[in-house]
Amino acid sequence: MSEILVTSESPDDASVTVALRGAVEGADAPDLRRVLLDVIMRVRPSRLLIDLRAVTAVDAFAVGTLQAAVELAGDVQLSVAVRMCETVERRGVDGADHAVLARLAHDDLLLATRGCDASSR
């Protein structure tokens, strides 16, 4: 089970960070989807950062939820970036899900960090 934290960068900046911690599994997808939709459609920040550096494992449902959020953000012209460690365990993630992560990286949306230290988890 993961923990979801939503923070604003500063009072005068409309940037919002959605940070996740722990293992993000299928059971977490509805909460993650609800939080991301709320931020994208109601808060409407100038920039959204999805921070997965403290995620220990991610499954295919989470990958699909992230893909949908990034696509929705693009539809409403919201700048979005995703950060995660390359060492995160990918549970049940098949070739199509790896392709989604690769596309995010190709689009410069996925900011992969090699060997995140223990403090980020």
Side-chain angles (χ1 to χ4, degrees):
M1 191 83 167
S2 68
E3 177 183 5
I4 303 171
L5 307 167
V6 180
T7 58
S8 293
E9 296 301 311
S10 65
D12 59 342
D13 185 4
S15 295
V16 172
T17 298
V18 175
L20 287 90
R21 292 189 177 145
V24 184
E25 301 170 346
D28 299 313
D31 287 337
L32 178 58
R33 182 173 45 252
R34 186 174 64 256
V35 167
L36 290 171
L37 280 173
D38 184 60
V39 169
I40 293 167
M41 300 306 294
R42 290 196 177 96
V43 176
R44 292 199 179 244
S46 61
R47 178 178 159 98
L48 170 62
L49 172 62
I50 302 171
D51 188 346
L52 306 175
R53 291 178 296 175
V55 169
T56 56
V58 63
D59 78 357
F61 289 106
V63 172
T65 299
L66 292 171
Q67 178 185 16
V70 167
E71 290 174 2
L72 177 61
D75 288 346
V76 299
Q77 282 125 26
L78 169 63
S79 174
V80 62
V82 180
R83 285 190 183 149
M84 67 181 279
C85 298
E86 289 182 337
T87 57
V88 67
E89 178 187 346
R90 295 172 181 159
R91 297 179 182 164
V93 174
D94 63 13
D97 296 319
H98 282 290
V100 168
L101 293 174
R103 184 185 61 78
L104 292 175
H106 181 266
D107 293 344
D108 294 326
L109 295 172
L110 180 64
L111 308 172
T113 304
R114 294 184 189 275
C116 292
D117 61 22
S119 66
S120 67
R121 294 184 184 246

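The basis for the numbers below is simple: all heavy atoms, side chains too, and nothing from hydrogens, waters or symmetry mates.
- Grouping the Ile, Leu, Val, Met, Phe, Trp and Tyr side chains by contacts below 4.5 angstrom, directly or via other members, places M41 with V35.
- Legend: residues meeting salt bridge (Lys or Arg N to Asp or Glu O under 4.0 Å) with R34, ordered by chain and number and at least two apart, are D31.
- The structure places CG of L72 at 8.5 Å from CG of L78, a figure rounded to the nearest 0.5 Å.
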Requested in this report: Could you go through the side chain to side chain contact (heavy atoms under 4.5 Å, CB included) check for L36 and I50 one step at a time?
Outcome: CA-CA 9 Å; L36 290 171; I50 302 171; 4.0 Å; yes
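- Judged purely by atom type and a 3.5 angstrom limit, R42 has no side-chain atom pairing as donor or acceptor with the backbone of V39.
- No option in V82, V24, V18 other than V82 meets the side chain to side chain contact (heavy atoms under 4.5 Å, CB included) test with L52.
- Contact between A69 and I40 at its shortest, heavy atoms only, is O-CD1, 3.5 Å.
- Considering CD of E3 and CG of D28, their distance stands at 11.0 Å, rounded to 0.5 Å.
- In this structure, T65 and A29 approach most closely via the heavy-atom pair OG1-CB, 3.7 Å.
- Scanning both residues, R21 and V55, for their nearest heavy atoms gives N-CG2, 4.4 Å.
- Minimum interatomic distance between L49 and R83 (heavy atoms only, all atoms of both residues): CD2-NH1, 3.7 Å.
- Taking each heavy atom of P45 and A14 in turn, the nearest pair found is CB-O, 2.5 Å.
- Separating the CG atom in L66 from the CG atom in L20 is a distance of 7.5 Å, to the nearest 0.5 Å.
- What you find for G26 and F61 is that their closest heavy atoms are CA-CD1, 3.6 Å.
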